[in-house]
Number of protein chains: 2
Amino acid sequence: MATIKDVARIAGVSVASVSRVLNNGPKVSKKTIENVLKVVKDLNYTPNANARALVTQKSTTLGVVIPDLIDPFFASLANGVEQVARQKNMQLLLSTGLVSAETEMRAINLLIERRCDVMVVHSKKLSDQALIDLANKVPGLVLIDRYIEEIAQRCVWLDNLEGGKIAARHLLALNHQSFACISSKHQIDDPLLRLQGFQQELKSAGVDIEESLIEYGEPTLQGGEMATQKLLASGKRFSALFVYNDAMAIGAISTLEDNGFKVPSDISVLGFDDVLLSRYSRPKLSTLNYPIEEMAMQATNIGLELTAKQADMNKNSNYKHIPRLVKRESTNYKL
Amino acid sequence: MATIKDVARIAGVSVASVSRVLNNGPKVSKKTIENVLKVVKDLNYTPNANARALVTQKSTTLGVVIPDLIDPFFASLANGVEQVARQKNMQLLLSTGLVSAETEMRAINLLIERRCDVMVVHSKKLSDQALIDLANKVPGLVLIDRYIEEIAQRCVWLDNLEGGKIAARHLLALNHQSFACISSKHQIDDPLLRLQGFQQELKSAGVDIEESLIEYGEPTLQGGEMATQKLLASGKRFSALFVYNDAMAIGAISTLEDNGFKVPSDISVLGFDDVLLSRYSRPKLSTLNYPIEEMAMQATNIGLELTAKQADMNKNSNYKHIPRLVKRESTNYKL
DNA sequence: TTGAAAGCGCTACCAG
DNA sequence: CTGGTAGCGCTTTCAA
C-alpha cells in the first residue's frame with residue numbers, strides 16, 4: 001500500500017508538503033495542492049491512521065464496552081455512541097463478551113491499548129475501586145448505567161429505585177390491589193432497586209406483596225416464562241404483574257395466556273426498558289422507557305469534553321435519568 | 001501514560017528486553033522477566049497498539065461494515081464477527097450509517113485507514129466494479145450477503161431465489177391454493193429474488209398469484225401493517241401470505257388479527273430471516289432461517305486466511321448458503 | 001511557501 | 001541472553 005513517501009516522491013515535493021495538503025494545512029500553494037491531490041488519487045493512497053495516531057497522540061476512536069451485541073438494549077447503547085462518532089468523524093471500537101470482572105477488565109484494557117480518546121463503559125462486575133482507578137488512568141472514560149459517588153461527574157445512570165416507584169404508582173392508579181413481581185436472578189443492583197422501589201411505594205399505599213408472589217429468573221423470554229409458571233404454581237391470585245424487563249414480560253404474557261389468563265383484562269403486565277420488542281408484542285407492552293440511546297450520546301459527549309479538557313469539572317453536574325412510563329395495551333384498569 | 005522506555009529505564013534493562021518479555025520472546029532470563037513484569041505492574045504500563053501496528057504492519061483489528069446496529073439481523077452479523085475476533089484476540093472496528101454508495105464507500109475507507117487486517121462488508125449500494133476494485137486493494141476484504149462472480153471466492157451469500165422456492169413448497173404442501181405476498185420496496189436484489197423464487201415454484205405447481213395480491217412496503221413492522229391493509233383493501237381473498245422479512249410478517253399478523261382474521265386458522269403467514277423477534281411473536285412465527293451469524297463467522301475466517309495467505313484460492317470454493325424452513329405456529333394446514 | 005529532520009512507541013535485526 | 005539501533009508512516013517544528 002502506498003505511503004506518504006511514495007506520494008511525495010512522485011509528486012516531486014517533500015512529505016511535509018503532502019502532509020500539509022492532506023490536513024488542510026496553512027500556506028500551501030494551489031499548484032502544490034492540485035499536484036499532490038492528483039498523485040494521491042492516481043496511487044489510490046490512503047493515509048495510515050495508526051501512524052497518525054502515534055504522532056498526534058489521539059486516535060479519533062471511541063471505545064464501547066458492552067456485554068453483548070445481541071441484546072437490543074446494548075445495541076441501542078452502542079448506536080448512541082456511534083451516532084456521536086459519525087458526527088465527530090470518529091470510529092467505533094467495540095469490546096464485548098463480558099461475563100466476569102476479569103473479562104470486563106480485559107475488554108477495557110484492549111481499548112486502552114488502542115488509546116481510544118473516549119471510552120463508554122457498561123460495567124456491572126468490576127468493583128467501584130477498580131473503576132475509579134481506571135477513570136483516573138483514562139481521562140475520557142465515562143461509566144454508563146452505573147453510579148459511583150467518587151466519580152459522579154463521570155457517571156450517566158438511571159434511577160432504578162424511582163423506576164420501581166413509578167411502576168407501582170401506575171398500577172395502583174389503575175385500581176390494582178394484588179401484585180406479583182418477576183425479578184432477575186442476576187447479581188447486579190438494577191433488579192434489586194427496581195423491586196425495592198416497587199415495594200416501597202406499595203407499602204406507602206398500605207399494600208404488601210407476598211413473598212411467594214416474587215419470582216426470579218434469567219432476564220430473557222424463557223426466564224420470564226419459567227418464572228411465570230412458578231408464580232402460577234403457587235396458586236395465589238394477582239391482578240398486576242411487574243416484570244424486570246421487556247423480554248421477561250413478553251415471556252410472562254405468553255405463559256399467562258397459555259394458562260387461560262387474558263392480558264390485560266385478567267392480569268395487567270408492566271415491563272421495563274421499552275426496547276423495540278415491546279412495540280411488537282401482542283398486546284403491545286406497557287413499560288418504562290429507559291432512554292439508553294440518549295444517555296449513551298450524553299456519555300460520549302461528556303467523554304469528549306473530558307479529553308478536550310473543556311470540562312468544567314463542576315461537581316454539581318448531575319447525570320441521573322428518570323424512566324418514563326409508556327402506557328400501551330398490557331396494563332389496564334382493574335374492574 | 002508510561003511508555004516502554006520508562007519501563008526499560010526503571011527496570012534497568014533495554015527496551016529490547018522489555019519488548020521481549022511483553023511478547024513472550026525467546027531467550028529471556030527468568031530474572032529479567034520477573035523484574036520487567038514488576039515494573040510494568042508498578043507503572044500500570046499498557047503497550048500502545050498503534051505503535052505496534054505501525055511496526056508489525058498488522059493491526060489485529062477486524063472491520064465490519066453494516067447499515068446499522070439496531071436491526072437485529074445486522075447485530076447478529078456483527079456478533080458473528082465479534083466471536084471470531086475474541087477467539088483470535090483481535091478487536092472489532094465498526095462502521096455503520098450506510099444509506100448510499102457514498103456513505104458505504106466512506107465507511108469502508110475509514111476501515112482501510114485503520115489498516116484492518118480483515119474487513120467483513122455488507123454493501124448493497126456500491127457497484128460490482130467498485131467492490132471488485134476494493135477487494136483488489138484490500139486482501140482481507142470479504143463480502144457478505146452479496147454475490148459477485150468475479151470475486152466469488154470472496155463472497156459469502158444466501159440463495160434468496162431458493163429461499164422463495166422453499167417458502168412456496170412449504171405453503172403448497174400445506175394445501176394452500178390462494179396466495180398473497182408482501183415484498184420490500186427497497187431497491188436491492190433480495191426482495192426481488194425471494195419473490196421470484198416464490199412465484200416460479202408456484203407456477204411450476206400450476207398456481208398463479210394475482211398482481212393485486214402483491215404489495216410492497218418498508219421492511220419494518222409498520223411497513224408490514226400498511227402493506228397488509230392495502231392487501232385487505234383489495235377485497236381479494238387468500239389463505240397464505242409470504243412476507244419479505246420477520247418484522248413485516250409480525251406487522252402483517254397484527255393487522256390481520258385486527259381485521260378479524262385468525263392466524264394461522266384463517267390465514268397462514270410465513271416470514272423470512274428468523275430473527276429473535278420471530279420467537280417472541282404470538283403466534284410464534286414460521287419463517288426461513290437465515291444463518292447470518294454463522295455466515296459472518298465464515299466470512300471472517302475466510303478473511304483471516306486470505307491475509308495469512310493460507311488461502312488455497314481455489315476458485316471452486318462455494319460460499320452459498322440455503323435458508324432452512326423453521327415451522328412454528330403461524331403456518332398451518334389449509335382445511 | 002517549502003524542505004529537512006526529529007521523533008511518536010514499538011519491534012526486530014544484528015552484534016556481542 | 002542482552003543491548004543498540006534502524007525504521008514503521010506520519011506530523012510538526014525550525015530554517016530556508
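Proteins come first, then strands; the chains are lettered A, B, ... in the order of their sequence lines, and each starts at number 1.
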Trainee: Would you tell me if any nitrogen or oxygen in the side chain of A:Thr3 comes within less than 4.0 Å of OP1 or OP2 on D:dG9?
Mentor: no
Trainee: Could you pull out all residues at least two apart from B:Asn301 that satisfy side chain to side chain contact (heavy atoms under 4.5 Å, CB included)?
Mentor: B:Val84, B:Lys88, B:Leu304
Trainee: What are the bounds, 5' to 3', of the part of DNA chain C that sits under 4.0 Å from heavy atoms of chain B?
Mentor: C:dC8 to C:dC13
Trainee: Can you name the residues that form a side chain to side chain contact (heavy atoms under 4.5 Å, CB included) with B:Asn44, not counting sequence neighbours?
Mentor: A:Lys137
Trainee: In whole angstroms, how far is the P atom of D:dG3 from the NZ atom of B:Lys27?
Mentor: 16 Å
Trainee: Over how many whole Å does the gap from A:Ile4 atom CD1 to D:dG7 atom P extend?
Mentor: 18 Å
Trainee: Across the strands shown, which category fits A:Val18 at heavy-atom distances under 4.0 angstrom: base, sugar-phosphate, nothing?
Mentor: nothing
Trainee: When we call it a touch if two heavy atoms are under 4.0 Å apart, what does A:Asn23 touch: a base, just sugar-phosphate, or nothing?
Mentor: sugar-phosphate
Trainee: Kindly write out the residues that satisfy salt bridge (charged side-chain N to carboxylate O under 4.0 Å, His left out) with A:Asp133, not counting sequence neighbours, or none if the list is empty.
Mentor: none
Trainee: Mind listing the N/O atom pairs, protein and nucleotides 14-16 of chain D, below 3.5 Å?
Mentor:
none

Trainee: Apply side chain to side chain contact (heavy atoms under 4.5 Å, CB included) to residues B:Ile112 and B:Leu134 and explain how you reach the verdict.
Mentor: CA-CA 10 Å; B:Ile112 297 181; B:Leu134 243 14; 4.2 Å; yes
Trainee: Over the length of the helix from C:dT1-D:dA16 to C:dG16-D:dC1, how much do the five-pair end axes diverge, rounded to 10 degrees?
Mentor: 40°
Trainee: Applying a 4.0 Å non-hydrogen cut-off, can you work out what A:Ser19 is touching in the nucleic acid: base, sugar-phosphate, or nothing?
Mentor: base
Trainee: Sequence neighbours left out, what passes side chain to side chain contact (heavy atoms under 4.5 Å, CB included) with B:Leu37? Give chain and number order.
Mentor: B:Val21, B:Ile33
Trainee: Hey, is the side chain of B:Ser29 poking within less than 4.0 Å of OP1 or OP2 on D:dT2, counting only N and O atoms?
Mentor: yes
Trainee: Output the residues of residues 34-44 of chain B in contact with DNA chain C, where contact means a heavy atom of the residue under 4.0 Å from an atom of the strand; sort by number or write none.
Mentor: none
Trainee: State which residues pass salt bridge (charged side-chain N to carboxylate O under 4.0 Å, His left out) with A:Arg86; sequence neighbours excluded, sorted by chain then number.
Mentor: A:Glu82
Trainee: When we call it a touch if two heavy atoms are under 4.0 Å apart, what does A:Pro47 touch: a base, just sugar-phosphate, or nothing?
Mentor: sugar-phosphate
Trainee: A:Lys5: which residues meet the side chain to side chain contact (heavy atoms under 4.5 Å, CB included) condition with it, sequence neighbours left out?
Mentor: A:Thr3, A:Val15
Trainee: I'd like to check the salt bridge (charged side-chain N to carboxylate O under 4.0 Å, His left out) partners of B:Arg146; sequence neighbours left out, ordered by chain and number.
Mentor: B:Asp128
Trainee: List for me each residue that meets salt bridge (charged side-chain N to carboxylate O under 4.0 Å, His left out) alongside A:Lys320, sequence neighbours excluded, and say none if there are none.
Mentor: A:Asp159
